[in-house]
Q: 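Please see the structure below; I have some questions.
In the text below, chain A, chain B and the rest are named by the order of the sequence lines, each starting its count at 1.
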Number of protein chains: 2
Amino acid sequence: MKVEKPGKKESLEPTRSELEILQVLWQHGPNTVRFVNDQLNEQKREVNYASTLKLMQIMVEKGLLVRDEKAVKHVYSPISEENKTKGLLLDKFVDSLFNGSVSSLMVHLLDNKHASQQELDAIQELLKKAKKDIK
Amino acid sequence: MKVEKPGKKESLEPTRSELEILQVLWQHGPNTVRFVNDQLNEQKREVNYASTLKLMQIMVEKGLLVRDEKAVKHVYSPISEENKTKGLLLDKFVDSLFNGSVSSLMVHLLDNKHASQQELDAIQELLKKAKKDIK
DNA sequence: ACTAAAGTAGGAAATATTTCCTAGCATCCA
DNA sequence: TGGATGCTAGGAAATATTTCCTACTTTAGT
């Protein structure tokens with residue numbers, strides 16, 4: 001598979017670890033390695049500071065993050081806005097697992113997630129709006 | 001990160017390449033390495049036969065596939081049924097990117113996928129059913 | 001001022017995943 | 001029968017990703 005390697009063909013596709021870091025930055029805004037590392041340890045799993053640092057450096061090289069070095073404590077920010085990245089990942093996920101079929105995904109989603117009444121209502125509203133937008 | 005490595009903590013979580021193989025088997029049913037390899041080359045990307053074979057052997061070891069060796073041409077089947085695996089992956093995806101919020105996912109889905117009128121109708125039906133099931 | 005703690009960095013090392021190579025066996029056809 | 005083709009296998013090698021180690025600088029506290 002010289003031509004297209006998973007996670008390599010689309011060089012902007014974050015690895016699993018990178019995605020975890022992006023999530024912290026999406027949630028809390030631009031931040032230092034220390035902060036991200038602490039959050040990961042709190043919310044996800046045990047991660048060594050130097051590991052987090054290294055990953056974030058690589059993400060800068062890959063064009064996923066940008067680093068502000070004005071202070072001694074460097075502040076990292078995602079380059080691409082959250083919605084864009086999530087959209088890309090969602091696209092890929094639906095294409096990958098459901099052949100691009102939104103309704104096919106919905107079948108599984110409603111089956112497995114046991115969405116609450118509130119969520120179903122909210123989704124219904126979204127649907128109405130989407131249908132209106134099409135017309 | 002000694003405790004939980006991406007793709008390792010949940011040993012049943014297929015890697016990207018493995019998922020491609022699973023998809024072929026879901027789509028066409030139990031099959032030989034040759035068949036899977038041809039399909040991958042047709043639909044996805046250039047993959048060397050021996051690479052596909054190796055991956056499928058590993059998937060057997062990981063408990064993702066089972067192999068019927070009665071004939072010279074071994075036939076591989078997924079162990080876990082399609083819906084279960086997709087459900088797991090979907091769960092993880094929604095939790096991972098959308099903090100488990102189905103409606104949050106829907107916002108992006110409807111934004112990005114530009115679902116057709118037909119699909120929106122179909123989703124609406126699914127929604128009705130889901131709401132009925134809750135009551 | 002000194003020391004401990006905290007921040008950054010490069011790169012080696014480890015681990016995970018995939019590709020490639022070689023070899024043996026089975027099948028098919030001239 | 002012999003050769004070509006196809007199937008399987010083990011494991012080395014390559015590649016991707018992550019962890020770890022060491023070192024330097026800065027900051028903070030006594």
Q: For L55(B) and dT15(D), what is the distance between atoms CG and C1' respectively, to the nearest whole Å?
A: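 It is 13 Å, rounded to the nearest whole Å.
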Q: Round to the nearest Å and state the distance from E18(A) atom CD to dA16(D) atom P.
A: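 So the two atoms are 13 Å apart, to the nearest Å.
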Q: Please confirm whether the shortest side-chain N or O distance from T15(A) to OP1 or OP2 of dT18(D) is below 4.0 Å.
A: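 Looking at the OP1 and OP2 atoms of dT18(D), one of them is under 4.0 Å from a side-chain N or O of T15(A).
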Q: Below 4.0 angstrom from OP1 or OP2 of dT18(C), is there any side-chain N or O of S17(B)?
A: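 S17(B) to dT18(C) OP1/OP2: side-chain N or O found under 4.0 Å.
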Q: Within the side chain of N31(A), is there an N or O that forms a donor-acceptor pair under 3.5 Å with the backbone of L25(A)?
A: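 It does not hold such a pair.
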Q: Please compare K54(A) and A50(B) by the position of their nearest nucleotide in DNA chain C and report the one closer to 5'.
A: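 Final value for this comparison: K54(A).
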Q: Starting at atom CD of E20(A), determine the distance to atom C1' of dT17(D), rounded to an integer number of angstrom.
A: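 Whole-Å distance recorded here is 13 Å.
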Q: Which listed nucleotide (dA9(D), dC7(D), dT18(C)) is nearest to the side chain of R67(B)?
A: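 Ranking dA9(D), dC7(D), dT18(C) by closest atom to the R67(B) side chain puts dA9(D) first.
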Q: From dA9(D), dT18(D), dA9(C), pick the nucleotide closest to the side chain of Y76(A)?
A: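 Of dA9(D), dT18(D), dA9(C), dA9(C) is nearest to the side chain of Y76(A).
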Q: With side chains defined as the heavy atoms from C-beta onward, is the minimum distance between L40(A) and R45(A) less than 4.5 Å?
A: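 Of all side-chain heavy-atom pairs linking R45(A) with L40(A), none is under 4.5 Å.
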Q: Could you tell me how far apart E46(A) (CD) and dT18(D) (P) are, to the nearest whole angstrom?
A: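 Rounded to the whole Å, the gap is 17 Å.
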Q: Would you kindly check whether a donor in the side chain of K73(B) faces an acceptor in the base of dG6(D), or vice versa, at under 3.5 angstrom?
A: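 Looking at the base of dG6(D), it does not pair with any donor or acceptor on the side chain of K73(B) (distance under 3.5 Å).
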Q: dT18(C), dC20(D), dC20(C): which one has an atom nearest the side-chain heavy atoms of N48(B)?
A: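 The closest nucleotide is dC20(C).
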Q: If I take atom CD in residue E69(A) and atom P in nucleotide dT25(D), what distance separates them, rounded to the nearest angstrom?
A: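 So the two atoms are 16 Å apart, to the nearest Å.
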Q: Once you round it to whole Å, what is the distance between C1' of dT18(D) and CD of Q57(A)?
A: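 The answer, rounded to whole Å, is 13 Å.
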Q: Can you tell me how far P of dT17(C) sits from CD1 of I21(B), to the nearest Å?
A: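 One finds 13 Å between P of dT17(C) and CD1 of I21(B), rounded.
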Q: Just by modelled atom types, is the Q117(A) backbone N or O under 3.5 Å from a matching donor or acceptor in the K131(B) side chain?
A: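 Pair absent, no side-chain N/O of K131(B) close to backbone of Q117(A).
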Q: Quickly work out the F35(B) CZ to dG6(D) C1' distance and round it to whole Å.
A: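 Between C1' of dG6(D) and CZ of F35(B): 17 Å.
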Q: What's the closest nucleotide to the side chain of L53(A) if the choices are dA9(D), dA9(C), dT18(D)?
A: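 Among dA9(D), dA9(C), dT18(D), the one nearest the side chain of L53(A) is dA9(C).
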Q: Is the F98(A) ring parallel, tilted or perpendicular to the H108(A) ring (thresholds 30°, 60°)?
A: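 Tilted.
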Q: Can you confirm whether more than 12 heavy atoms, excluding those of Q118(B), are under 6.0 Å from its CD atom?
A: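 Open.
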